[in-house]
Protein chains: 2
Amino acid sequence: MTALEKLDTKNINGKYICVGLDTDIEKIPDYLKNNNDNIFEFNKLIIESTSKNVAAYKFNLAFYESEGIDGIKQLERTLELIPSDILTIGDAKRGDIGNTSQMYAKSLFEHFNFDATTLNPYMGYDSISPFLDYKDKLSFILSLTSNKGADDFEKAILKDGKKLYELVINKVNDWNANHNCGIVFGATQINELEKNITTFQKLPVLVPGVGAQGGNLEDVIKQFMKREKMRLLINVSRSIIYKDNSNDFATLASDELIRLNSIINNCC
Amino acid sequence: MTALEKLDTKNINGKYICVGLDTDIEKIPDYLKNNNDNIFEFNKLIIESTSKNVAAYKFNLAFYESEGIDGIKQLERTLELIPSDILTIGDAKRGDIGNTSQMYAKSLFEHFNFDATTLNPYMGYDSISPFLDYKDKLSFILSLTSNKGADDFEKAILKDGKKLYELVINKVNDWNANHNCGIVFGATQINELEKNITTFQKLPVLVPGVGAQGGNLEDVIKQFMKREKMRLLINVSRSIIYKDNSNDFATLASDELIRLNSIINNCC
């Protein structure tokens, strides 16, 4: 099954939430902190309790890299636990000159065997194309992100009146010959989402910013219901995995995921 | 000594070349390929033969990450070999929302203890600022890169007639309160360099693209001689470290570095 097929299958079954496993040792329950495999054990319990209701898992590599080799090992072990029908995203935001992007693609798509990744478009097409050579994978390219800094460059107005991120979306559509491109579009940017949803064409969209960052889930879903296929992953990290800090954190994470799914199903 | 002081000291002593240790197992001499520590041994020989004449070493993380945990271990061991007066750059081109950029900064500046890194500005100020909190380090922010894809977005023309990368340079100057920002500017973009060199103010500049990518060394140096302080690192990777593929590769890499230094000293 290609990455796009995995995503479409989950969407057909009413699953749109991507759980972000941005596991931070400082934030996990105290009883796990002194465990040698603390990151892995935390992830394992979250996966066991959420895998039936999730659309995808996203791993922000920064959280694992910052723990050095031990963090990378715990990431590798976590990936082995994920059922094969669930999309895995290596959220890396890479992008470099061609021969370097090839190496990053090899790392993400071969070494870790992620189904998908996130990429930064700043350096242009030849920084992205080595990832697009992997036809069965998905590359979500940053267009408009959920953070305040999106105003600095992403929303810069170009000579023709378009914003930079709108030019990115146009280009990504051009680059999508293998149906393996997607975009990242922040939930905190709801007016911009409404204005641009038709320009996304058939691109899958990864939407961060719901929850801790303040984006509203229903507002996002309503926009995507305008599309023929939703092709939507709404990422929620902190407000699911750290919903609770007691020994019951995994059950309460699952409850929160189910609550979010029911909000979606009520407005669909 | 801060990262900026290390750079200035090397420049004062006529050293501007940064050797890029983008070590690719496919490209190292055959006699090293089957060595268990092939990357480390290759790097060790290059460092031993070039450290007297180099200004900095740059490590493109993709090349190490693509070898998994073993690659990261060999990177860590390599870093231990580098004399403390030589700047080390973790060429990572990271940039993410605030709490994630904090994790990347921790990884690069604390775990690996690099003196400097490269960052991608697309997501704006709050994706960069966690790196700038490390006052003794240096963050080289991508402005105009050496690859063809630079035309796609970096050279996009804004409403006021400026190009996107020129807006990036302006912003980086604004962000430089701690004197720990720099920029990346490709050697293949010589006309743009000539037009913009005065806008760089006091920013240190990392210049890739000389050598395998086709940028001309003398052309670059001539532009930087217009500045009060050079604050210049010219990165050369493939055309030094793979100059020769025999058992003498390290000596011939050193010879190439000395040749490049003499070109610089003849035009300064």
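Just so it is clear, the model here is predicted, and its values are computed rather than measured. In what follows, chains carry the letters A, B, and so on, assigned in the order in which the sequence lines appear, proteins first and then strands, with residues in each chain numbered from 1.
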ask   = Salt bridge between A/E67 and B/K106, side-chain N to carboxylate O under 4.0 Å?
value = yes
When the 4.5 angstrom heavy-atom criterion is applied to B/K162 and chain A, the contacting part is neither
side-chain contact (heavy atoms from CB on, under 4.5 Å) test vs B/F59 passes for just one of B/I89, B/T23, B/I82, namely B/I82
Greatest number of non-hydrogen atom pairs under 4.5 angstrom with chain B, of A/D96, A/L167, A/L108, falls to A/D96
If you tally heavy-atom pairs under 4.5 Å between each of B/S129, B/G124, B/A156 and chain A, the highest tally belongs to B/G124
If one checks every heavy atom of A/T145 against chain B at 4.5 Å, the contacting part turns out to be side chain
Honestly, the part of A/L61 sitting under 4.5 Å from a heavy atom of chain B is both
The interface call for B/P208 against chain A, heavy-atom contacts under 4.5 Å, is neither
Max heavy-atom pairs within cutoff under 4.5 Å with chain B, candidates A/I97, A/T100, A/D151, goes to A/T100
Okay, A/E76 and chain B: the region with an atom under 4.5 Å from a heavy atom over there is side chain
Quiz item: Should we count NZ of A/K27 as having more than 12 external heavy atoms under 6.0 Å?
Solution: yes
- Check: B/D91 side chain, B/T118 main-chain N or O, donor-acceptor pair, under 3.5 Å: no
Pair count under 4.5 Å, heavy atoms only, with chain B: among A/R238, A/K171, A/R94, A/Q102, highest is A/R94
In terms of heavy-atom pairs under 4.5 Å with chain A, the winner among B/L144, B/I128, B/D152, B/L164 is B/D152
* For the pair B/W175 and B/Y125, name the ring-plane relationship: parallel under 30°, tilted 30 to 60°, perpendicular over 60°. => tilted
Applying a strict 4.5 Å limit to non-hydrogen atoms, the region of A/F112 in contact with chain B is neither
Chain B shares the most heavy-atom pairs under 4.5 Å, among A/K93, A/H111, A/M123, with A/M123
Turns out that what part of B/K148 lies under 4.5 Å from chain A's heavy atoms comes down to both
Answer yes or no: are there more than 12 heavy-atom neighbours, outside B/K195 itself, under 6.0 Å from its atom NZ?
yes
query: Would you call A/K44 and A/D37 a salt bridge, taking side-chain N to carboxylate O under 4.0 Å as the test?
result: no
Among B/N99, B/D22, B/I72, the residue with the most heavy-atom pairs under 4.5 Å to chain A is B/N99
query = Hey, does B/Y57 have a side-chain heavy atom less than 4.5 Å from the side chain of B/N43?
reply = no
Are A/Q189 and A/Y165 close enough that a side-chain donor and a side-chain acceptor fall under 3.5 Å? no
In terms of heavy-atom pairs under 4.5 Å with chain A, the winner among B/G68, B/S127, B/P121, B/S101 is B/P121
Between B/D70 and B/Q74, is there a side-chain donor-acceptor contact under 3.5 Å, judged purely by atom types and distance? yes
Cut-off 4.5 Å, heavy atoms of chain A, and the answer for B/Y64 is neither
